[in-house]
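Notes for the one structure printed next.
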Amino acid sequence: MELNVLILPGDGIGTEVTREAVRVLQHVARKFRHKLNLSEGLLGGIAIHKTGTPFPQATEKLATAADATLMGAVGLPEFDNAPPDKRPERGLLGIRKTLGVYANLRPVRAYRALIESSPLKNHLVEGTDMIIVRELTGGIYYGTPRGITGSGPEERGTNTMTYTRAEIERVTRMAFELARNRRKKVTSVDKSNVLETSQLWRKVVIEVAPAYPDVALDHLLVDNCAMQLILNPKRFDVVVMENMFGDILSDEGAVLAGSIGMLPSASIGDRKPSGAWVGLYEPVHGSAPDIAGQNKANPLGAIGSVAAMFEYSFKLLEEAAAVNQAVEAVLNSGRVTADLKPKSTPATTEQVGQAVCEAIG
Ligand code: NAD
């Protein structure tokens, strides 16, 4: 298969973890005989330095041409007080908008080797393996009217939670498609006992479900879901929800896995004419200025994002499994970075990348 991938290392540890993710991407492409065409672009603080803008037109062009984009992280402390359009983080919004990605996927896996770093009791978290699918472009973060009006006791803040049938349908279909390649179970999360948007959400999900007779569907109210993620995380396979619920619950899911450096993410849009799904893949963490340039950042979240790219953009499930199994093998071997508190000397970012390639074979 021909894989056209854009690499956007970004700032801080983004460049370090992306280097290792690319090492793994190239290794897998060689092993499984895919033709890998890599391009590289500027995004974030480095793009401001070199071009004056966090999301240059040249990057936009490259992103539109690529099948999938692998990003590191953006953000530099020197821009903390800059105006919004001159901040590195603006680049992220720009690329998400250009690609039209509407679902954010966060796989949450409890690796056996990291079970002690989870805040939950071992027997609760062991075996957890879910994907949280968050709608990314609608809901209360974008609805109008919004704003603060009036003064004194009548001063009022307003936000509007709104969803169309089309927005709900496309993200629901994505959840069902994902479940088909997993344990075939979708849990839809809403607050339909109170909110009309949630009533529409549930109605549309129920209407979409019969097209996927091989996938089981259940519904949870968002407050109950928050409890079940802690009480019984193993019950979940694919969990789909609107934007704000997903923002909150995906962070709750994230702590189950141990370290922030472990977590991959994928933002997906529609299918391209080539058949690939448009996708933006990045570790969940930021540019970590406190450890940047020291070769000690954990690259496993970025490497996990490569596995997600194989799975979601290219539907190369064997390649994705090879990367995920290698990550698990490296965790079990103890050759891990300092954030995972290894028993012996911590490995460097580069050594972890090399270890993953060795484990892939
Ligand atoms: P951060 O995720 O960069 O760091 C939080 C803490 O986790 C730090 O102590 C850091 O050392 C540690 N950490 C993060 N990733 C790690 C890894 N791979 N290995 C080991 N330790 C790791 O969050 P922050 O400090 O709040 O933000 C720093 C900058 O990153 C800011 O400019 C922020 O805006 C930006 N940011 C960018 C993204 C993104 O690009 N998607 C996401 C979050 C934050």
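All residue numbers refer to positions in the sequence shown, counting from 1. None of the values given here were measured: they were computed from a predicted structure. All ligand and atom numbering here is 1-based and tracks the order in the structure.
Judged as a side chain to side chain donor-acceptor pair (under 3.5 Å), and not counting sequence neighbours, the contacts of D339 are S259, N298, T337.
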Side-chain donor-acceptor pairs under 3.5 Å in residues 138-154, sequence neighbours left out?
from	atom 1	to	atom 2	distance (Å)
Y141	OH	D247	OD2	2.8
R146	NH1	Y141	O	2.7

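The residues R180 and E177 are annotated as not salt-bridged, no charged nitrogen and carboxylate oxygen being separated by less than 4.0 angstrom. For the pair R173 and E169, the salt-bridge criterion is met [side-chain N within less than 4.0 Å of a carboxylate O].
For ligand 1, the protein residues placed under 4.0 Å by at least one non-hydrogen atom are I13, M71, A73, V74, G75, E89, L92, I260, G261, E282, V284, H285, G286, S287, A288, P289, D290, I291, A297, N298, D339.
Through direct or relayed side-chain contacts under 4.5 Å between Ile, Leu, Val, Met, Phe, Trp and Tyr, L93 connects to no other residue.
Heavy atoms from other residues, nucleotides or ligands lying under 6.0 Å from CG of N193 number more than 12.
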